Chemist: 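Below is a structure I'd like to ask you about.
Proteins get letters first, then strands, A, B, ... in listed order; numbering begins at 1 in each. This is a predicted model, so every value here is computed, not measured.
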Amino acid sequence: MTHTLRSIAFAGFTILSAVAAPQVFDFEDPKGVNAVQFTLDSVLEPIAGTASDVAGKVTFDLANVAATQGKIAVETDSLKTSNSTMTEHLLSAGWVDAEKHPEISFAFTKLDDVKPAGDNRWSATANGDFTLKGVTKSISVPVTLTYLPGAFGKRINKPELPGDLLVVRGAFSIERADYGIKPGQNEDKVSPSIQLTFALVGGPEKK
Amino acid sequence: MSAAPDLPPASTIAAWRVLLRGAGVLVALFVFCFWAAKGYHSGWTQTQVPVKQLDPITEIEFITYEDRFVPGVDYLGGGIFVGMVIFGVTFIRRRSPKSTRAAG
């Protein structure tokens, strides 16, 4: 009897530890949904596009959401607009210089102002270092986190597979001159500010 | 003394003028009609068209690109400019020998 109780207690402790332990989410999405969208106002219409090769890992602790930390990176040459010539210009040395700076990244070590925003949903501010064109600056990004327990298998049409999902959404803007992108040039034609929005999903870390 | 022995006959020049003016108008008309038929797109020309999609589980709205040519106002403007240049070329007159002599 004592042995059985001990076994149950041990099993319970193991399950609780597993649930409460920080989870690492991998943001290299197998369905290719992850992307960062960018918009710059310009003369005729806003220049808009996406950067779709997203990778990175985020450590998320359901018991301590503020301790969430991680790094998200996009491959610079995955930037794309709806006009191929415009995309070529964007990737060139004058703009993001994809050849010399193949990665754009945001690394954050904690979340501030964490507030519940619904079931398994929180709003917060991620403070961290944003790197673009080799220039790193500290920025604050308002984010929304959504934790979807057990949704990984369902999403990839394999419901038997265990695993949770973490969805991170956010929007922020940067000044292109701060990152050495045509500082002071053509500001009457192309806005000096770049708006960035993202909605990213992370799944269980690949072992 | 012949004024300009290497000049083609006036009727040939006039025929070319008519032809070029017609071609200029046709180019401009074709460009306008093509632009209109492709949806009167008032932005820049698109070589790939963004299509919004929704991931049902995460409710993430994401964008995929469809390879499709949608002419924009830059295409329209460029085409009409080319048409106008072709049309305008017909108004260039070779200086007549009389005026050349007068100028000299």
Side-chain angles (χ1 to χ4, degrees), chain A residues 25 27 29-39 42-52 54 78-89 121 144-157 159 163-170 189-190 197-203, chain B residues 20-21 23-89 91:
Chain A
F25 288 91
F27 280 76
D29 182 38
K31 288 183 82 177
V33 160
N34 286 345
V36 177
Q37 294 179 28
F38 59 88
T39 313
S42 98
V43 179
L44 190 58
E45 64 175 350
I47 298 167
T50 57
S52 54
V54 178
S78 70
L79 262 69
K80 191 187 251 189
T81 69
S82 52
N83 182 299
S84 53
T85 310
M86 208 179 271
T87 302
E88 275 174 36
H89 281 297
R121 187 185 282 250
T144 307
L145 305 177
T146 309
Y147 175 65
L148 301 170
F152 175 70
K154 194 177 163 193
R155 183 165 179 261
I156 57 167
N157 296 323
D164 309 329
L165 295 174
L166 181 68
V167 178
V168 185
R169 290 182 169 86
K189 289 177 189 147
V190 182
T197 58
F198 57 89
L200 311 169
V201 57
Chain B
L20 282 174
R21 281 176 194 172
V25 170
L26 273 180
V27 165
L29 262 179
F30 172 79
V31 166
F32 177 80
C33 292
F34 184 64
W35 172 76
K38 289 278 186 176
Y40 294 99
H41 181 57
S42 58
W44 298 109
T45 295
Q46 296 180 332
T47 51
Q48 291 163 319
V49 179
V51 181
K52 279 187 180 172
Q53 310 223 32
L54 186 76
D55 182 59
I57 304 292
T58 60
E59 292 175 353
I60 290 177
E61 205 175 67
F62 63 104
I63 288 172
T64 55
Y65 289 89
E66 219 173 68
D67 281 337
R68 190 149 46 93
F69 183 77
V70 179
V73 291
D74 48 333
Y75 176 89
L76 177 70
I80 288 176
F81 177 75
V82 169
M84 281 169 69
V85 167
I86 296 171
F87 193 89
V89 157
F91 291 99

Chemist: Please tabulate, one pair per line, the N or O donor-acceptor pairs under 3.5 Å between chain B and chain A.
Modeler:
from	atom 1	to	atom 2	distance (Å)
Trp44(B)	N	Glu45(A)	OE2	2.8
Thr45(B)	O	Asn83(A)	ND2	2.6
Thr47(B)	N	Ser82(A)	O	2.7
Thr47(B)	OG1	Ser82(A)	O	3.4
Thr47(B)	OG1	Ser84(A)	N	2.9
Thr47(B)	OG1	Ser84(A)	OG	3.4
Gln48(B)	N	Ser82(A)	O	3.0
Asp55(B)	OD1	Lys31(A)	NZ	3.3
Asp55(B)	OD2	Arg155(A)	NE	2.9
Thr58(B)	O	Arg169(A)	NH2	3.0
Glu59(B)	O	Arg169(A)	NH2	3.0
Tyr65(B)	OH	Thr50(A)	OG1	3.4
Tyr65(B)	OH	Lys80(A)	O	3.3

Chemist: Check whether more than 12 heavy atoms from other residues, nucleotides or ligands sit under 6.0 Å from atom CZ of Phe69(B), and answer yes or no.
Modeler: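 Yes - once you tally the heavy atoms of other residues, nucleotides and ligands closer than 6.0 Å, there are more than 12.
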Chemist: Let me know if Ala151(A) has heavy atoms under 4.5 Å from chain B in its side chain, its backbone, both or neither.
Modeler: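 Backbone plus side chain of Ala151(A), per the 4.5 Å heavy-atom cut-off to chain B.
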Chemist: Is the count of non-hydrogen atoms from other residues, nucleotides or ligands lying under 6.0 Å from Phe34(B) atom CZ greater than 12?
Modeler: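 Yes.
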Chemist: Side chain, backbone, both or neither: which part of Val73(B) has an atom under 4.5 Å from a heavy atom of chain A?
Modeler: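 Val73(B) touches chain A through side-chain heavy atoms alone.
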Chemist: Side chain, backbone, both or neither: which part of Val33(A) has a heavy atom under 4.5 Å from chain B?
Modeler: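 When you check distances to chain B, atoms from both the backbone and side chain of Val33(A) fall under 4.5 Å.
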Chemist: Report the residues that fulfil side chain to side chain contact (heavy atoms under 4.5 Å, CB included) with Phe87(B), sequence neighbours left out, ordered by chain and then residue number.
Modeler: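 For Phe87(B) the side chain to side chain contact (heavy atoms under 4.5 Å, CB included) partners, ignoring immediate neighbours, are Arg21(B), Val25(B), Phe91(B).
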